[in-house]
Number of protein chains: 2
Amino acid sequence: MDYATERFAENGYHPTSVAEIVSGLGVGKGVFYWYFDSKDELFLEILKQSQRDLRRHQHAAIAETDDPVERIALGIRATLEWSSAHADLNRLVQFAATEERFLPALRRGQEVAAGDAQRHVIEGIASGRLRDLDPAYIAHGIIGITAQLARVFLHEQDQPWEAVADAAVSMVLEGILVDS
Amino acid sequence: MDYATERFAENGYHPTSVAEIVSGLGVGKGVFYWYFDSKDELFLEILKQSQRDLRRHQHAAIAETDDPVERIALGIRATLEWSSAHADLNRLVQFAATEERFLPALRRGQEVAAGDAQRHVIEGIASGRLRDLDPAYIAHGIIGITAQLARVFLHEQDQPWEAVADAAVSMVLEGILVDS
DNA sequence: CGCCAACTTGACCGCTCGGTCAAGCCTGTT
DNA sequence: AACAGGCTTGACCGAGCGGTCAAGTTGGCG
């Protein structure tokens with residue numbers, strides 16, 4: 001799965017053949033179909049595993065505080081840290097969004113992530129620390145800023161994730177306007 | 001190109017064959033290769049055309065004001081309006097990001113968009129109306145929020161673009177914190 | 001009308017794909 | 001030693017791909 005991830009990320013899903021994967025590993029094709037039903041199933045397995053892994057990373061990072069605003073900030077930081085270490089998986093997620101049959105799995109993962117964020121947003125609104133906007137919009141807005149900054153500044157420009165995280169947190173919390 | 005766009009968006013680029021495109025149009029395969037050098041070239045042409053079209057739409061929308069902050073808001077609104085009318089092109093852009101040979105064209109378009117936004121951000125900072133953050137981060141942050149909200153709320157949940165635009169503008173300008 | 005060039009056709013080509021399977025290997029059990 | 005079953009091999013298959021091209025067809029011009 002690690003090797004396939006690397007090939008898919010570098011070459012694209014369709015251009016990477018099963019033959020290429022198994023020969024790169026030095027095994028026969030039969031062994032692939034012993035462990036996976038199909039190429040698609042392999043891809044879905046990689047996708048699910050990466051979603052689980054990111055989520056575990058986020059959970060670990062936010063455990064150190066109970067404050068919802070801080071949890072949001074720590075969640076953003078953890079996401080960018082993980083993302084900077086897993087550029088290849090980012091690429092796969094983007095591809096998955098372009099083919100109907102991978103969308104359900106993708107959306108499930110994204111809804112889980114949004115749900116996680118949303119819980120802290122709701123808590124923050126209830127305690128009067130966050131503006132009373134629709135929590136779902138806020139949650140996805142956070143995910144959007146984070147994903148885009150990761151794509152551009154981590155994966156295209158190789159900037160350190162800490163700097164990107166500072167910018168993301170600042171924009172999410174305070175917007176871009178001078179005193180509101 | 002319209003028909004190909006629709007097929008690529010619904011089926012994915014690789015699973016859609018040239019044979020399928022031409023037979024869907026009721027023409028021979030030769031006529032396709034008379035007008036395009038390859039399937040890839042067709043795709044790049046679609047991509048470029050859509051980037052030009054969105055940009056024209058944005059330019060038209062912001063022409064009515066000189067205020068940089070308002071221009072940013074109007075640009076976001078115009079983007080979401082256009083995006084809600086062109087769900088298929090959104091899908092193609094996402095796919096393009098997953099294959100090396102399409103990335104250069106994609107990045108060129110994205111840098112143009114970020115450059116457009118960045119000019120207004122710089123002007124806003126200079127006039128003291130925007131916080132003094134890195135304009136490049138802000139520009140991509142804006143693009144990120146906008147693209148993500150478009151994906152989730154326009155294309156997955158079919159919400160009206162005006163509501164999504166209100167949320168995006170509000171988050172971009174003021175963040176999520178209660179008075180900062 | 002004849003002719004040329006722009007355009008159109010679809011059978012065809014070489015190739016690679018995802019997936020199958022008969023055959024064989026390796027290891028633990030009896 | 002015999003065997004059984006988990007595991008591995010790679011030649012092979014039918015299908016479908018992107019792209020080619022010889023053979024038309026069409027419409028405008030002299």
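Letters go in sequence order (proteins before strands), and every chain restarts at 1.
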Applying side chain to side chain contact (heavy atoms under 4.5 Å, CB included) to E6(B) and not counting sequence neighbours gives Y3(B)
*Would you tell me whether Q58(A) and E81(A) have side-chain atoms, one donor and one acceptor, within less than 3.5 Å of each other?*
no
R101(A) meets the salt bridge (Lys or Arg N to Asp or Glu O under 4.0 Å) criterion, sequence neighbours left out, with D40(A), E99(A)
Apart from L74(B) itself, its cluster of hydrophobic side chains linked below 4.5 Å comprises I62(B)
message = Under a 3.5 Å threshold, yes or no: a donor from one side chain and an acceptor from the other, between Q148(A) and Q110(B)?
response = yes
Side chain to side chain contact (heavy atoms under 4.5 Å, CB included) filter on D166(B), not counting sequence neighbours, yields R77(B)
Residue set satisfying side chain to side chain donor-acceptor pair (under 3.5 Å) with T5(A), at least two apart, ordered chain then number -> none
- Counting any heavy atom closer than 4.0 Å, what does Y35(A) reach on the DNA or RNA strands: base, sugar-phosphate only, or nothing? sugar-phosphate
What residues 37-46 of chain B contributes to the DNA chain D interface at heavy-atom separation below 4.0 Å is S38(B), K39(B)
Sorted by number, residues from residues 3-18 of chain A placing a heavy atom under 4.0 Å from DNA chain D are none
All N/O donor-acceptor pairs, side-chain side in residues 136-146 of chain A, below 3.5 Å, sequence neighbours left out:
| unit_1 | atom_1 | unit_2 | atom_2 | d |
| --- | --- | --- | --- | --- |
| Y137(A) | OH | Q159(B) | OE1 | 2.4 |
| H140(A) | ND1 | A136(A) | O | 3.3 |
| T146(A) | OG1 | I142(A) | O | 2.7 |

Worksheet item: Does a donor on one side chain sit under 3.5 Å from an acceptor on the other, for S83(A) and R151(A)?
Response: no
Atom CD of E20(B) and atom P of dC17(D) are separated, to the nearest Å, by 8 Å
Sorted by number, residues from residues 21-32 of chain B placing a heavy atom under 4.0 Å from DNA chain D are K29(B), G30(B)
For R119(A), the side chain to side chain contact (heavy atoms under 4.5 Å, CB included) test, sequence neighbours excluded, returns R55(A), D116(A)
By side chain to side chain contact (heavy atoms under 4.5 Å, CB included), T98(A) pairs with (sequence neighbours left out) F95(A), Q94(B), F95(B)
> How are the rings of F102(A) and Y13(A) set relative to one another: parallel (under 30°), tilted (30 to 60°) or perpendicular (over 60°)?
Replying inline: perpendicular
Counted 5' to 3', the first and last nucleotides of DNA chain C within 4.0 Å (strictly under) of a heavy-atom of chain A are dC17(C) to dC21(C)
Closest heavy-atom pair, L106(B) versus Q51(B), reported as atoms and distance to 0.1 Å, is O-NE2, 3.7 Å
